[in-house]
Amino acid sequence: MWNPVIGLEIHVQLNTKSKIFSPASTNFGSEQNTQACAIDLGMPGVLPKLNEEAVKMAIKFGLAIGAKISDESIFARKNYFYPDLPKGYQISQYEIPIVSGGSIDITVKDNIKKINITRAHLEEDAGKSIHDLFEQESAIDLNRAGTPLIEIVSEPEMHSADEAVQYLKSIHSLVRYLGISDGNMQEGSFRCDANISLMKKDSKVLGTRAEIKNINSFKFVENAINYEIKRQTNRLDNNEEIVQETRLYDPSKNETRSMRSKEEANDYRYFPDPDLLPVKIDSKLIDDIKNNMPELRKDKKERFLSKYGLSQYNADILVSDRELSEYYESVVNHDGIDKKIAANWIITEVLAYANKSNTQVKSFPVSPSDLSELLLNICSETISNKQGKDIFSRMWNNGEKANDIIKKEGLQQISNTSELNKTVDNVIKNNYKSVEEYQSGKEKLFGFFVGQVMKETGGKANPKIVNELLREKLKK
Ligand code: ADP
Ligand code: MG
């Protein structure tokens, strides 16, 4: 009876070296409160100066989603007090954002759906309150103050937690492809607010929404939205009204709870920042950025399909992340590697180990050239696929190299035909009775001969070649 409606506001930290309005470093993980300068703190008399790199990154994003880039946009002060915002206002964009319109495609249950984007604007991040460091007190780390963000606001066009997660993943993948953010969700480089309401199935009027603030994992977004859909459904089914409010998601309890209602909502008193000139963007800058766009996911997928002959499924997984796609390409860049075998290996083995140990591509303990060393041995049938898996586990867990393991353990399969010829001849000579039986129709004895050759070679014979030789030699 109720149709969920969801719109997301995503905050993406841009990976510029310095802050959006100051020369302070944006490095993550430095000692607390060592990276906010007087400008980031809004001390009296300071003058912010816009970081051009942040503007270029916002334009790059806008172009990638087919949006309009404003030739002039304005920075405004959004006034509110919070302990992690000592200057009392955040510099953001209000009436004229740098990017407006555009869209991104998402795939839900094999269907492609277009999600429209309302706007994306530049702003500065605030500092960070830390509540779990001291028992009775909260701590403030201002290092993050002034880190450039783009806030990407979607239209309320998603209708399930799954759609919202797919949208979030598409944007996440895009900003990483564009190289404008590392998208690290644990470090807070990529986080979102989810707005959720319910609407009568045949209605066209949006219901009252709740906004869940600052969610920083795909799983939490999914859980928070599903929880909120249930909560609102219960209320509406009982004729209780939904209050417009801001809520927080608590992962440990898997529930959302009220933070502040609309009545308590801030009036931000936006006004143009008198210290910053309007941002003027000429068409030459836009053209430059357009001409230097990296290959994006859709194009890369097409290329993977045609150049490497991959299946849709495998190509989709490999291009889902830019670094993963680059890992694959460096692996198959070596002569003698079968492109499909490499794709299957990365998707089944490598990703299984990565998921289990929660390891990002750039920290894989097995480098692309390590993996290609292993795959070369598999593609040339020096070792079997099964042996390959055992070797890979040692490579991933102990940092051993494929060729070293194969040499040390004497694992080379015997694929040398003349060597196997002799063994096969011996087996036939020593089992002439069975040969007669086989030749007079007892075909299931074939396995017996294969087994004898395997026994003679200590299991190292290449089974494919053994099969071929036996078929040939056992003919009457
Ligand atoms: P604010 O800035 O006050 O949060 P906006 O109008 O900018 O409000 O909307 C923010 C987000 O909320 C957008 O992503 C929009 O799509 C979404 N949204 C607006 N109304 C609704 C609604 N009734 N239900 C679900 N999402 C909504
Ligand atoms: Mg909002």
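Because only heavy atoms are used, hydrogens play no part in the values below, and waters and symmetry mates are left out as well, while side chains stay in. All ligand and atom numbering here is 1-based and tracks the order in the structure.
For the pair Lys169 and Phe218, the cation-pi test (distance below 6.0 Å, angle within 45°) is passed. The side-chain tip of Lys356 points at the ring of Tyr353 from less than 6.0 angstrom away and within 45° of straight on.
With values rounded to the nearest 0.5 angstrom, Lys339 atom NZ is found 8.0 Å from Asn333 atom CG.
In this structure, Glu222 and Ala161 approach most closely via the heavy-atom pair O-CB, 3.8 Å.
For the side-chain hydrogen bond (donor to acceptor under 3.5 Å, both in side chains) with Glu124, the qualifying choice from Gln90, Lys19, Lys87 is Lys87, the only one to do so. Checking Asn216, Asn214, Thr256, Asn254 one by one against Tyr249, the side-chain hydrogen bond (donor to acceptor under 3.5 Å, both in side chains) holds for a single residue, Asn254.
Between Ser173 and Arg297, the side chains place a donor N or O and an acceptor N or O closer than 3.5 Å (distance only, hydrogens not considered).
Of all atoms in ligand 1, listed by their number and element, those nearer than 4.0 Å to a heavy atom of Glu211 are 4 (O). Residue Val153 has at least one heavy-atom neighbour below 4.0 Å for each of these atoms of ligand 1: 13 (C), 14 (O). Heavy-atom proximity to Gly207, at under 4.0 Å, picks out these atoms of ligand 1: 23 (N). The ligand atoms of ligand 1 that sit less than 4.0 angstrom from a heavy atom of Leu8 are 14 (O).
For a threshold of 3.5 Å applied to N or O pairs, the pair formed by Leu206 and ligand 1 contains no separation below that value. Inclusion of Ile6 in the set of residues having an N or O under 3.5 Å from an N or O of ligand 1 is not warranted. Residue-to-ligand polar distances keep Thr208 apart from ligand 1: every N/O pair is separated by 3.5 Å or more.
Contact annotation for Asp193 and ligand 1: no heavy atom of the residue comes within less than 4.0 Å of the ligand. With a 4.0 Å heavy-atom cut-off, ligand 1 is reached by the backbone of Glu155 but not by any atom from C-beta on.
Among Arg209, Gln244, Arg119, the residue whose heavy atom lies closest to atom 4 (O) of ligand 1 is Arg209. Within the set Ser154, Ser197, Pro156, the minimum heavy-atom distance to atom 13 (C) of ligand 1 is found for Ser154.
Relative ring orientation between Tyr328 and Phe304 is described as tilted, the plane-to-plane angle lying within the 30° to 60° band.
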